[in-house]
Amino acid sequence: SKTDFLSNMSHDIRTPMNAIIGITTLMKNELHEPDKLAEHLEKLEISGHLLLGIINDILDMSRIESGKTTLNIEQMDLLQQIGQVESVISEQAHQRNQEFRVVTTSVQHEHVLADPNRLNQILMNILSNSVKYTPAGGHIRLEVEELPRDAHYAKYKFIVQDDGIGMSDAYLKTIFDPFTREEKSGTNHVQGTGLGMAITKSVVDLMGGVISVESAPGHGSRFEVVLEFPIDTEAALVQKSETDDAPADTSLLCGMKFLCAEDNEINSEILQMLLESKGATCRIYPDGQQIVDAFAKVKPGDYDMILMDVQMPVMDGLEATRRIRSSENPLGKTIPILAMTANAFLEDMQKSKEAGMDEHLSKPVDIAMLEQVVRRFRITPPINSGRSRFMRSAPPPSPFAAKTGAL
Ligand code: ADP
């Protein structure tokens, strides 16, 4: 199956890659035609995301297969998590003219201790398949039900149901095997790697849960996942009030000053544009040595936070962080440092933590994710003080504390 997989994979990777290269070439001739440029940029973005998804799946699967995947447990608001999934899937379903509904039944415990990224991954994999394998005009439904358990644990049943093309009995036996896809005319033109379901099953197993599926060709599919999580008795209400205090249309990043290290020129440009689009400013240095030298002269109020690439020439981000933390400049002890790296695996996260970094952002930097992370370090809200202050030890503690790993 690996040989089949490799040949499928080369095709799957080539398709978006060819699109990216082809579209870029077209765009060079359209510099004075904004409408065409906008249309092509959109396609470029879709292809980039597709490629990233494929690459992430391959990396994730190889991690899982080598037994290196563990969970990253933190405080999780289940309904908030479901809300995030809902907004992404609603958008996808809307584009395909499908009806998507989320129903929650008897959810008594909203705050639990769990790995939100992994729960997200399970639900997104199943739901995005429903979107992919359900024709336009079809119906998709996510139902979340809390089942009776005890005072310490909450148990939930997640049901994803669609009225799409369905699967044969023969294929259902192998659906959770890596690299398999059902060969039928309806799916041949649908992009995929055959890894999503295998990853989903492994993650459900890792969480001690159960996944099952019922389906018939032409009659849709029904996936059921049952998971249990410890109840979070000290639910993070403070965090919620913090979340609510920023005006909805102003980014939390607005007015923030970032000191950054990033060696890749294109990535630097993108980072700068993203931060500036949110009203933040930044100074970017191309290697660890230069940011360390610059930091020596930093005065209170110059910067709120450091964004540190990890792999860089001259001095890497880990060494630069160690030097900043032990620097003679006392701000080195308190300024939050976030790692920005393409390697988002457990060992990398531990290495960053040991070096003195507070958090880990995977690249390409997702600005919404950065906003979420930044919120944890804010110790004074911008409304009262005019300007926020950011500090390493702001509550709640960095998820690193409870981490055993995550993507
Ligand atoms: P892929 O990347 O191909 O979607 P997955 O592992 O996520 O890989 O799914 C494996 C295969 O299972 C798909 O190629 C498809 O044939 C089948 N499948 C998964 N979910 C559904 C669904 N909701 N309806 C019909 N077929 C599905």
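When a ligand or atom number is given, it counts from 1 through the structure's own listing order.
In this structure, a donor-acceptor pair under 3.5 Å is present between the side chains of Q290 and D287. Side-chain atoms of Q81 and D77 include no donor-acceptor pair closer than 3.5 Å.
The shortest N or O to N or O distance between I175 and ligand 1 is not under 3.5 Å.
Only side-chain heavy atoms of D162 come within less than 4.0 Å of ligand 1; its backbone N, CA, C and O stay farther off.
Contact annotation: G164 has no heavy atom less than 4.0 Å from any atom of ligand 1.
Each of the atoms 1 (P), 2 (O), 4 (O) of ligand 1 lies under 4.0 Å from some heavy atom of K132. Within ligand 1, counting atoms from 1 as listed, the ones closer than 4.0 Å to a heavy atom of L195 are 6 (O), 8 (O). The atoms of ligand 1 that sit less than 4.0 Å from any heavy atom of Y171 are 10 (C), 11 (C), 12 (O), 17 (C).
Between R283 and D302 there is no salt bridge, since no side-chain N of the basic residue sits under 4.0 Å from a carboxylate O of the acidic one. Salt-bridge check for R222 with E224: passed, with a basic side-chain N closer than 4.0 Å to an acidic carboxylate O.
Of all non-hydrogen atoms in P230 and Y153, the two that sit nearest each other are N-CD2, 3.7 Å.
When M197, M167, R222, Q161 are ranked by how near their heavy atoms come to atom 27 (C) of ligand 1, first place goes to M167.
For D162 (side chain) and T134 (main-chain N/O), no donor-acceptor pair under 3.5 Å exists by modelled atom type.
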